[in-house]
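Written out below as structure tokens is the structure these notes cover.
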Amino acid sequence: MSYRKPVTEHKKMIKNYLKTTWRNLVKSKGYSAINIGGLAMGMAVVMLIGLWMYDELTFNTYHKNYDQIAQVMQHANFNGKVTTQTANPALMGPELRAKYGSDFKYVVQASWNYKPLLSVGDKQVAQEGIYFEQEAPEMLTLHMLKGTRAGLHDPHSIMLSASAAQSLFGKEDPMGKTLTVDNSQEVKVTGVYEDLPNNTSFSNVKVILPWTLWLIQNPWAKEMEQPWGSNFTQTFVQVAEQGDMKSISTKIKNVKLDNVGEEDQKAQWVVFLHPMRKWNLYNEFRNGINTGGGIQYVRLFGLIGSFVLLLACINFMNLATARSEKRAKEVGIRKTVGSHRWQLIGRFFAESYVTVLLAFILSLLLVILFLPFFNEVAGKKISLPWLHPVFWGASLTFIFITGLLAGSYPAFYLSSFRPLKVLKGTFKIGRFASVPRKVLVVIQFTVSVMLIIGTIIVYQQIQYAKNRPVGYTKKGLISLNFQDELRNHFDAFRTELKNSGAIVEMAGCVPITNIWNTNGGFDWEGKDPDLATDFPNNSVSHDFGKTVQWQVKAGRDFSVDLATDSMAFVINESAARFMGFKDPVGKTIRRVDESYTIIGVVSDILQESPFFPVRPTFYHLDSYDAMVNIILKLNPEQNASQSISTIEKVWKKYVDNVPFDYSFVDETFGNKFKGEERIGKLSSCFAIIAILISCLGLFGMASFVAEQRTKEIGIRKVLGASLANLLRLLSKEFVLLVTVSCIIAVPIAWYYLGQWLSNYDYRIEVSWVVFIVATILALVITILTVSFQVFKAATANPVNSLKDE
């Protein structure tokens with residue numbers, strides 16, 4: 001009996017804690033709602049950010065060997081700068097196998113991702129795919145649903161993802177079935193693999209074709225005179241067991257330099273391994289140095305999540321300690337009847353943990369509700385891992401830390417009251433008792449103001465880049481893939497479309513929103529003989545300039561009437577500046593045994609990132625075989641959908657075996673801002689939630705202050721105080737605290753946002769106007785938040801507040 005008694009008493013004590021906790025929560029419904037609501041929002045934000053961070057930090061871990069897999073990359077010194085690239089010569093893989101075979105378990109050569117057209121009977125489906133050497137499925141540890149990982153040994157085989165197999169064959173077994181790739185090659189299905197998760201680098205790959213088939217389709221790759229001088233493939237490796245990537249990188253660094261000619265050696269090529277674990281978060285290189293990448297946003301949002309949760313916990317601490325006079329008698333009586341301080345601390349922590357537990361349940365509901373929206377904004381496919389023990393372990397830890405953080409200060413503060421003073425009625429909070437609460441309010445709004453400033457700056461930077469001159473007219477331009485059938489009928493296709501009135505002009509080209517090809521080895525008058533060069537060299541047809549409406553700054557455009565234009569260059573302004581030409585028209589540029597005359601200079605056309613400088617670029621006339629796109633300028637006087645419908649009809653007349661597919665150039669260009677826009681939207685959402693949580697706390701504090709000063713307000717009204725005077729009296733403390741927050745937030749935000757902007761060459765200058773706008777916004781939000789409670793107290797009948805005196 002004596003053994004079981006302490007356990008029984010302990011259970012009774014816990015039961016009593018929970019009962020009184022629930023009673024206090026129900027008794028003070030308004031404060032409880034603010035505490036639980038604020039904590040729930042804070043916890044929901046942290047949960048969403050935590051799921052996003054986990055998704056980012058576990059990127060590519062689906063592949064069992066991910067810590068041994070790497071991509072072969074190269075540094076090269078071009079145009080006076082060290083650049084880093086993923087493209088390699090097709091001989092890179094064979095060379096690594098031949099000379100450094102013992103350092104690698106697998107070496108895999110690969111193409112770039114593209115969308116092959118797959119045909120089964122009358123069904124045609126375009127799926128993103130890639131050509132891989134046969135060891136790739138084993139290296140990537142694909143989960144095979146049908147067949148084995150050895151499915152690429154036959155040059156005319158194909159491996160499909162489960163979703164691609166479903167699209168092509170429905171419920172039929174696809175194994176051994178024959179399909180046609182790009183209306184030219186028949187291949188047999190030798191394997192079906194599980195679709196790769198969204199947080200993998202190859203998640204979009206739905207079709208895998210053998211590298212040997214790519215070599216059959218592209219015989220020129222084996223017939224090149226200088227195969228080491230062209231970079232057009234990718235190379236992936238898995239290092240040998242116990243292999244060290246750094247030491248292997250050092251060993252292979254000269255593998256290309258040893259195989260190129262004297263001219264290419266000027267570029268000082270350095271080959272290295274970039275580990276798979278760094279592909280997602282450490283993918284940025286500047287002047288040959290890995291400067292980071294997405295990891296900065298993981299750290300940023302981790303910090304934001306911590307701050308948002310801190311704001312919610314501050315609300316709990318502030319409201320709990322602000323109501324200390326109401327809890328003082330309770331503490332005094334409990335201590336008088338024998339409660340120890342540690343029991344009171346336990347009681348207050350019980351209140352904290354019950355509140356946090358209720359907030360956690362509500363936060364789960366909020367996450368379920370807003371997760372689809374969050375996924376859309378973040379570009380993710382995250383789900384709550386209900387059955388994952390790590391999730392529940394992290395949740396319990398999360399609840400424990402939050403309860404400890406929110407409850408520690410109130411528990412130790414309230415339990416310190418002396419019962420004698422409390423019960424005699426001589427207990428006063430003291431003039432400095434509110435200082436910690438004021439400090440916490442300042443911290444809250446410092447964080448909120450920083451987030452407001454950050455949101456404004458991110459928005460301004462995106463808009464600044466969007467408004468950057470692009471050097472051509474994007475509006476009304478559409479792009480088509482250049483099919484083989486059109487290469488022989490290009491002029492007829494163009495004439496028919498122009499005669500239909502659907503388009504104004506049309507041209508063949510390489511992608512206008514990306515760099516497709518670069519060339520080195522150029523020479524010109526005054527060039528440093530030791531300088532290695534590498535310029536984008538765009539293949540275009542005669543009417544390219546008229547189609548995109550580029551801006552000719554000097555000289556002329558290409559002319560169909562001048563045969564000499566086949567050996568001419570139109571260059572951009574960046575190229576003219578780089579080569580040091582004040583009057584470039586008529587100057588000669590030499591490459592190998594050929595000479596090209598500069599006939600014109602055009603404004604810089606923005607093809608790559610809108611946040612970085614435009615590279616020196618050349619444009620030259622070429623055969624249609626060298627082009628991959630057709631670009632069309634829609635007739636502005638005709639409805640766009642009607643024009644596209646006409647284009648499709650004419651397309652089907654010439655290309656009857658490939659579905660009509662097009663893209664608007666301005667939409668493709670807009671995709672360049674997706675990363676920054678995503679960050680901006682997420683920052684805006686978190687800033688709004690942070691401000692809302694801060695306002696909830698401010699609302700609760702204003703309510704408490706108004707309640708505490710009810711009699712003072714009544715007396716002032718009787719003595720003739722106006723409504724405006726009372727509003728000013730009760731609001732000035734909060735306005736002062738928020739003003740202090742702004743003074744602290746501005747320099748911190750200025751420093752860190754300056755660091756963020758330094759990642760971009762093309763960036764805004766941070767204006768002091770932003771800080772003034774953020775400060776005014778914070779003050780307006782403060783005044784609106786407290787005004788309701790202040791107005792309510794200031795307009796109350798003084799008779800009701802003074803009748804007990």
Side-chain angles (χ1 to χ4, degrees), residues 78-79 225-226 229-230 263 470-473 477 482 487 490-491 494 504-528 531-608 614-633:
F78 281 126
N79 309 337
E225 291 183 10
Q226 297 177 328
S230 295
E263 182 65 30
V470 295
Y472 66 99
T473 304
L477 286 179
F482 211 145
R487 300 187 195 280
F490 182 85
D491 292 332
R494 172 175 170 269
V504 175
E505 195 51 85
M506 181 183 108
C509 60
V510 292
I512 195 172
T513 55
N514 205 351
I515 296 296
W516 179 259
N517 178 56
T518 64
N519 291 131
F522 291 107
D523 192 18
W524 60 88
E525 183 183 347
K527 175 182 173 290
D528 181 351
L531 178 68
T533 58
D534 187 63
F535 298 141
N537 193 8
N538 295 328
S539 300
V540 298
S541 65
H542 289 92
D543 298 305
F544 177 77
K546 282 188 272 184
T547 305
V548 303
Q549 296 178 333
W550 63 9
Q551 300 153 20
V552 179
K553 295 295 183 179
R556 61 177 177 82
D557 201 344
F558 293 113
S559 173
V560 71
D561 299 320
L562 296 174
T564 54
D565 279 4
S566 62
M567 296 301 291
F569 275 157
V570 170
I571 66 173
N572 68 355
E573 289 180 297
S574 290
R577 283 192 298 269
F578 182 81
M579 292 187 289
F581 290 149
K582 290 184 180 179
D583 185 14
V585 177
K587 294 289 194 298
T588 299
I589 296 175
R590 295 174 296 278
R591 184 171 186 263
V592 194
D593 298 325
E594 296 178 331
S595 295
Y596 298 84
T597 302
I598 299 174
I599 62 169
V601 180
V602 295
S603 295
D604 289 340
I605 289 182
L606 188 57
Q607 291 182 265
E608 297 181 287
V614 175
R615 288 198 267 174
T617 304
F618 300 158
Y619 300 87
H620 69 279
L621 297 177
D622 210 336
S623 69
Y624 295 133
D625 289 337
M627 302 174 196
V628 293
N629 286 135
I630 297 174
I631 200 156
L632 304 95
K633 179 72 174 179

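The minimum heavy-atom distance linking Pro511 with Trp516 is given by the pair CD-CB, 3.7 Å. In plain terms, the two heavy atoms of Ala575 and Phe618 that are nearest each other are CB-CE2, 4.0 Å. Heavy atoms only, all atoms of each residue included: Phe482 and Asn629 are closest at CD1-O, 3.5 Å. Ile599 approaches Val570 most closely through the heavy-atom pair CG1-CG2, 3.8 Å. Taking every heavy atom of both residues into account, Ser566 and Leu621 meet most closely at N-CD1, 4.3 Å. A pairwise comparison of heavy atoms in Ser574 and Val614 identifies OG-O, 3.3 Å as the closest pair.
Of the residues listed (Thr513, Asn514, Asn538), the one engaging Gln607 in a side chain to side chain donor-acceptor pair (under 3.5 Å) is Asn538, and it is the only one. The side chain to side chain contact (heavy atoms under 4.5 Å, CB included) test with Tyr472 is passed by exactly one of Val602, Leu606, Ile512, Thr547: Ile512. The side chain to side chain donor-acceptor pair (under 3.5 Å) with Thr518 is formed by just one residue from the set Thr533, Asp534, Thr617; it is Asp534.
Electrostatic pairing of Asp565 and Arg556 counts as a salt bridge here, judged by a charged N lying under 4.0 Å from a carboxylate O.
Checked by atom type and distance alone, the side chain of Asn572 pairs as donor or acceptor with a backbone atom of Arg615 at under 3.5 Å.
Side-chain atoms of Pro584 and Ile571, non-hydrogen and from C-beta on, do get closer than 4.5 Å to each other. Annotation: side chain of Ser603 is in contact with side chain of Lys553 (closest heavy-atom distance under 4.5 Å). Residues Asp543 and Met506 form no side-chain contact, since every pair of their non-hydrogen atoms from C-beta on lies 4.5 Å or further apart.
Here Lys633 contributes atom NZ and Gln549 contributes atom CD; the two are 4.5 Å apart, rounded to the nearest 0.5 Å. Residue Gln551 holds its CD atom at 8.5 Å from CD1 of Ile605, rounded to the nearest 0.5 Å. Once rounded to the nearest 0.5 Å, the distance linking NE2 of His620 with CG of Asn519 reads 7.5 Å. From Asn537, atom CG reaches atom CZ of Arg591 across 7.5 Å, with rounding to the nearest 0.5 Å. Between atom CG of residue Leu632 and atom CZ of residue Arg494 there is a gap of 10.5 Å, rounded to the nearest 0.5 Å. One distance of note links CG of Asp583 with CD1 of Ile598; it measures 9.5 Å at 0.5 Å rounding.
A search for ring pair (Phe, Tyr, Trp, His ring centres under 6.0 Å) contacts involving Phe578 returns Phe535, not counting sequence neighbours. Listed by chain and residue number, Asp523, Thr588, Ser595 satisfy the side-chain contact (heavy atoms from CB on, under 4.5 Å) test with Arg590 (two or more places apart in sequence, or in another chain). By the ring pair (Phe, Tyr, Trp, His ring centres under 6.0 Å) test, Phe78 is found to be paired with Trp269, residues two or more places apart in sequence or in another chain being considered. In this structure, the side-chain contact (heavy atoms from CB on, under 4.5 Å) partners of Tyr596, at least two apart in sequence or on a different chain, are Met567, Phe569, Glu594. The ring pair (Phe, Tyr, Trp, His ring centres under 6.0 Å) check on Trp550 picks up Phe544, Tyr619, with sequence neighbours excluded.
Pairs engaging residues 570-579 under the salt bridge (charged side-chain N to carboxylate O under 4.0 Å, His left out) rule: Arg577-Asp604 [sequence neighbours left out].
Other residues, nucleotides and ligands contribute at most 12 non-hydrogen atoms within 6.0 Å of the CD atom of Glu525. Around CH2 of Trp524, the count of heavy atoms belonging to other residues, nucleotides or ligands within 6.0 Å exceeds 12.
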